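Only a predicted model underlies this, so the values are computations on that prediction, with no experimental measurement involved. Order of listing sets the numbers, starting from 1, for every ligand and every atom in it. Every heavy atom of this structure was used, including side-chain atoms; hydrogens, water molecules and symmetry mates were not.
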Amino acid sequence: MACFQCEQTFHGTGCVVEGVCGKTAEVAKQQDVALHLVKALAQYAVALKELGADQPLTAEETRFVLEATFATLTNVNFDPARWNEYIERALEMRTQLAKRLQAQAEAAKKPVPQLGGAAVWTPGADFEQAANEVGLFQRGLKTADPDVFSLVELLTYGLKGLIAYAEHAAVLEKTDPSVFDKMYEMLGYLGAEQFDMGTLLNYCLKAGEVNLRVMELLSDGASARYGAPVPTKLRTTAVKGKCVLVSGHDLRDLEAVLEATKDKGINVYTHGELLPAHGYPGLKKYPHLVGNYGGAWMLQKIEFAAFPGPILVTTNCILEPRKSYRDRIYSVNAVGYNGVRHLEDRNFAPLVQQALEMDGFVADEKEQYTTTGFGHNAVLGIADKVISAVKEGKIRHFFLIGGCDGSEGERNYYAELAGAVPEDCVILTLACGKYRFNKREFGVVPGTAIPRLLDVGQCNDAHSAIQIAAALAGAFKTDVNGLPLSFALSYLEQKATIILLSLLHLGVQNIRLGPRLPAFLTPNVLNLLVEKYNLMPVGDVKQDLAAMLEGK
Ligand code: SF4
Ligand code: SF3
């Protein structure tokens with residue numbers, strides 16, 4: 001196996017024996033094969049479209065593409081049996097699409113397009129060999145030029161993130177055919193394996209652009225179903241009673257768990273990236289949604305073990321479950337781990353039953369709270385106050401501290417930065433990196449009622465942060481780069497990769513990225529990003545802070 005798609009990759013270069021994430025060589029190879037076949041499906045989608053097919057893939061087929069790709073993200077699906085199913089289904093679909101393409105060409109009285117690359121790749125009987133043919137090493141060798149390869153991988157991981165968000169939006173019944181056309185165009189380009197630097201660069205930025213639409217759909221989908229988030233104080237410690245924990249990003253699964261546990265004497269807690277769910281009127285209305293439990297994903301082996309009830313993991317991130325909680329952890333959607341019970345169709349009866357059979361928390365823990373719900377609606381609702389505070393010099397600067405958490409000590413940079421931010425500045429948070437500091441008391445900006453820490457939401461809510469920045473830029477008649485706003489992003493997985501590409505597409509300068517830069521960026525590609533966007537690695541907190549306050 002070989003994989004370097006995420007920040008925690010072995011020694012900052014690549015996982016080659018097994019993943020630092022726990023991904024086995026077997027699953028890594030299955031993921032390589034599945035992704036290669038997904039690219040083949042995309043090639044057929046493009047060819048069918050070119051021959052006049054209105055909707056080249058059915059809605060169900062597109063959902064398969066979304067789910068199978070989402071499953072290849074870091075910390076999503078480690079279950080070899082599920083990977084076999086994905087591969088078989090992709091192979092069947094490819095055969096069907098080849099027939100459909102032939103029929104479409106005949107109907108259009110045109111020659112059948114001759115596709116290459118992934119579309120015509122035959123895996124053969126030896127799976128090991130097949131996987132090696134499409135694995136990272138072969139991909140690198142085929143591409144020959146390391147900088148082209150670097151961009152191929154940047155586009156691949158960016159698309160994975162985009163597709164994960166498109167799946168989240170589809171769950172909330174928001175899709176846009178033009179997004180799928182562009183997604184297939186870019187995935188199909190990767191499948192055809194005829195690369196050039198210029199097209200790849202364009203596609204990386206285009207993926208960032210398309211992702212902005214995807215994240216808008218996602219934001220609209222969540223607000224349409226649950227109302228726009230409102231500022232909310234929520235408990236972060238346990239209350240006595242039976243309990244269920246819901247982890248990941250999926251609001252609909254959380255809603256279904258809340259419905260299934262209603263009036264049953266079971267308390268529901270959010271975990272990790274589901275914390276911002278407490279800000280949605282349609283979810284906070286449930287009195288048994290009692291709080292958020294634990295910290296970010298990498299602490300789950302300790303925290304899940306200590307949680308006295310069943311646990312549902314709806315999306316990334318899952319880690320290998322310890323024996324102590326293996327019999328009470330469940331997966332849904334693209335998530336999988338061998339030995340973990342996988343539930344379908346939001347049928348949470350087994351989870352409810354298990355919660356009823358367990359004692360739950362035997363006593364209340366000392367009360368502790370945090371806040372969330374500062375999406376664009378809430379922040380723009382007080383925009384006049386924020387703008388006046390900036391004009392009167394009460395707010396000096398904004399810091400967007402966003403992105404993933406992870407187990408490395410260097411990630412304390414973000415918590416230290418948040419702690420060092422002067423009193424007359426506002427911190428906006430996004431995603432699970434905030435767990436290192438979100439329970440601290442940040443108070444309000446002196447002389448105003450504006451909280452110093454505004455949690456915009458999950459990584460899925462990046463659209464909200466961009467809306468806030470755009471509205472401020474409009475009010476001050478400048479662009480995002482002209483605002484007193486700095487970005488410090490923590491990167492782990494592919495959702496962060498696409499958000500970075502979206503910010504680059506918007507022309508955002510001076511982003512600080514850490515704790516390590518992606519292993520797949522060659523020095524030349526990195527230089528390119530540095531020259532064009534002044535993208536830089538995080539450094540010393542004090543020095544970075546001083547530079548950020550000067551707008552650098
Ligand atoms: Fe390694 Fe990350 Fe790939 Fe897991 S996802 S195998 S940790 S690079
Ligand atoms: Fe976190 Fe896994 Fe990326 Fe949604 S939950 S941000 S790492």
Side-chain angles (χ1 to χ4, degrees), residues 1-32 35 70-78 135-136 153 156-157 160-161 164-165 167-168 215 218 246-251 270-277 292 294-300 303 313-320 333-335 337 401-408 411 414 429-436 438 455-465 489-500 513-516 518-521:
M1 73 168 281
C3 179
F4 62 1
Q5 68 172 350
C6 86
E7 187 274 345
Q8 57 188 346
T9 195
F10 190 65
H11 279 187
T13 51
C15 299
V16 287
V17 179
E18 64 170 0
V20 172
C21 58
K23 186 158 82 179
T24 59
E26 179 189 15
V27 168
K29 288 174 185 177
Q30 288 174 310
Q31 292 190 357
D32 283 340
L35 188 68
F70 194 166
T72 69
L73 263 71
T74 301
N75 293 340
V76 177
N77 195 318
F78 298 82
L136 195 68
E153 297 306 300
T156 305
Y157 307 139
K160 285 189 184 199
Y165 288 131
E167 168 67 4
H168 280 299
M215 302 216 73
L218 179 49
V246 189
S247 186
H249 300 71
D250 196 304
L251 300 175
T270 58
H271 175 262
E273 278 282 70
L274 271 172
L275 182 152
N292 176 259
W297 63 273
M298 68 286 169
L299 302 172
Q300 64 184 246
E303 293 172 349
V313 186
T314 64
T315 67
N316 54 314
C317 288
I318 190 170
L319 291 175
E320 182 184 13
N333 311 320
V335 182
Y337 215 109
I401 306 184
C404 316
D405 207 349
S407 46
E408 307 96 324
R411 287 186 186 268
Y414 301 94
T429 53
L430 266 185
C432 64
K434 62 177 166 261
Y435 275 98
R436 294 201 179 219
N438 71 339
D455 180 35
V456 182
Q458 304 178 336
C459 62
N460 291 28
D461 299 308
H463 170 74
S464 245
L489 301 186
S490 49
Y491 144 79
L492 179 93
E493 35 79 26
Q494 300 73 47
K495 286 177 166 178
T497 307
I498 191 61
I499 290 176
L500 177 68
L513 185 66
R516 288 189 302 202
F520 49 84
L521 294 183

Subset of ligand 1 atoms that lie under 4.0 Å from at least one heavy atom of T9 | 8 (S)

Please check if the side chain of N316 supplies one atom and the backbone of N75 the other of a donor-acceptor pair under 3.5 Å.
-> no

Between the side chain of S490 and the main-chain N/O of G514, is any donor-acceptor distance below 3.5 Å?
-> no

For W297, atoms of ligand 2 separated by under 4.0 Å from a heavy atom | 2 (Fe), 7 (S)

protein heavy-atom neighbour closest to atom 1 (Fe) of ligand 2 works out as C432 SG, 2.3 Å

Whether Y414 side chain and K434 backbone form a donor-acceptor pair below 3.5 Å = no

Only one of K160, Q30, Q31, Q494 clears side-chain hydrogen bond (donor to acceptor under 3.5 Å, both in side chains) with T72; which?
-> K160

Has E493 got an N, O or S atom lying less than 2.8 Å from atom 3 (Fe) of ligand 2?
-> yes

Checking Q5 side chain against Y157 main chain: does a donor-acceptor pair fall under 3.5 Å?
-> no

Look at the rings of F70 and H168 and say which category their plane angle falls in: under 30° parallel, 30 to 60° tilted, over 60° perpendicular.
-> perpendicular

Note: F4, heavy atoms under 4.0 Å from ligand 1, region reported as backbone

Using a strict cut-off of 4.0 Å, indicate which atoms of ligand 1 neighbour a heavy atom of C6.
-> 2 (Fe), 5 (S), 7 (S), 8 (S)

Counting only heavy atoms not in F10, do more than 12 fall under 6.0 Å of its CZ?
-> no

Restricting E273 to its N/O/S atoms, the closest one to atom 4 (Fe) of ligand 2 is OE2

Please write down residue, atom name and distance for the protein heavy atom closest to atom 5 (S) of ligand 1.
-> T74 OG1, 3.3 Å

Go through ligand 2 atom by atom and flag the ones less than 4.0 Å from a non-hydrogen atom of H249.
-> 4 (Fe), 5 (S)

Atom indices of ligand 1, in the order listed, that fall short of 4.0 Å to a heavy atom of C3 = 3 (Fe), 5 (S), 6 (S), 8 (S)

Note: ligand 1 atoms sitting under 4.0 Å from heavy atoms of Q8 are 7 (S)

Sidechain-backbone polar pair: Q300 side chain, C317 backbone, donor-acceptor under 3.5 Å | yes

Applying a strict 4.0 Å limit to heavy atoms, is N316 in contact with ligand 2?
-> yes

Identify the protein heavy atom lying closest to atom 6 (S) of ligand 1, giving its residue, its atom name and the separation to 0.1 Å.
-> G19 CA, 3.4 Å

Has C404 got an N, O or S atom lying less than 2.8 Å from atom 4 (Fe) of ligand 2?
-> no

Is Y491 reaching over with its side chain to a backbone N or O of T497, donor-acceptor style, under 3.5 angstrom?
-> no

Applying a 4.0 Å heavy-atom criterion (strictly less than), which segment of K23 is in contact with ligand 1: side chain, backbone, both, or neither?
-> side chain

Is the shortest distance from a Lys or Arg side-chain nitrogen in R411 or E7 to a carboxylate oxygen in the other one below 4.0 Å?
-> yes

Numbered in order shown, the ligand 1 atoms found under 4.0 Å of a heavy atom of C21 are 4 (Fe), 5 (S), 6 (S), 7 (S)

Where is the nearest protein heavy atom to atom 2 (Fe) of ligand 2: which residue, which atom, and how far?
-> C317 SG, 2.1 Å

List every atom of ligand 2 that sits less than 4.0 Å from any heavy atom of C459, numbering the atoms from 1 in the order shown and giving each element.
-> 4 (Fe), 6 (S)

How far does OH of Y165 sit from CD of Q458, to the nearest 0.5 angstrom?
-> 8.5 Å

What atoms of ligand 1 come within less than 4.0 Å of a heavy atom belonging to C15?
-> 1 (Fe), 6 (S), 7 (S), 8 (S)

Does S464 use its side chain to pair, donor to acceptor, with the backbone of V456 at less than 3.5 Å?
-> no

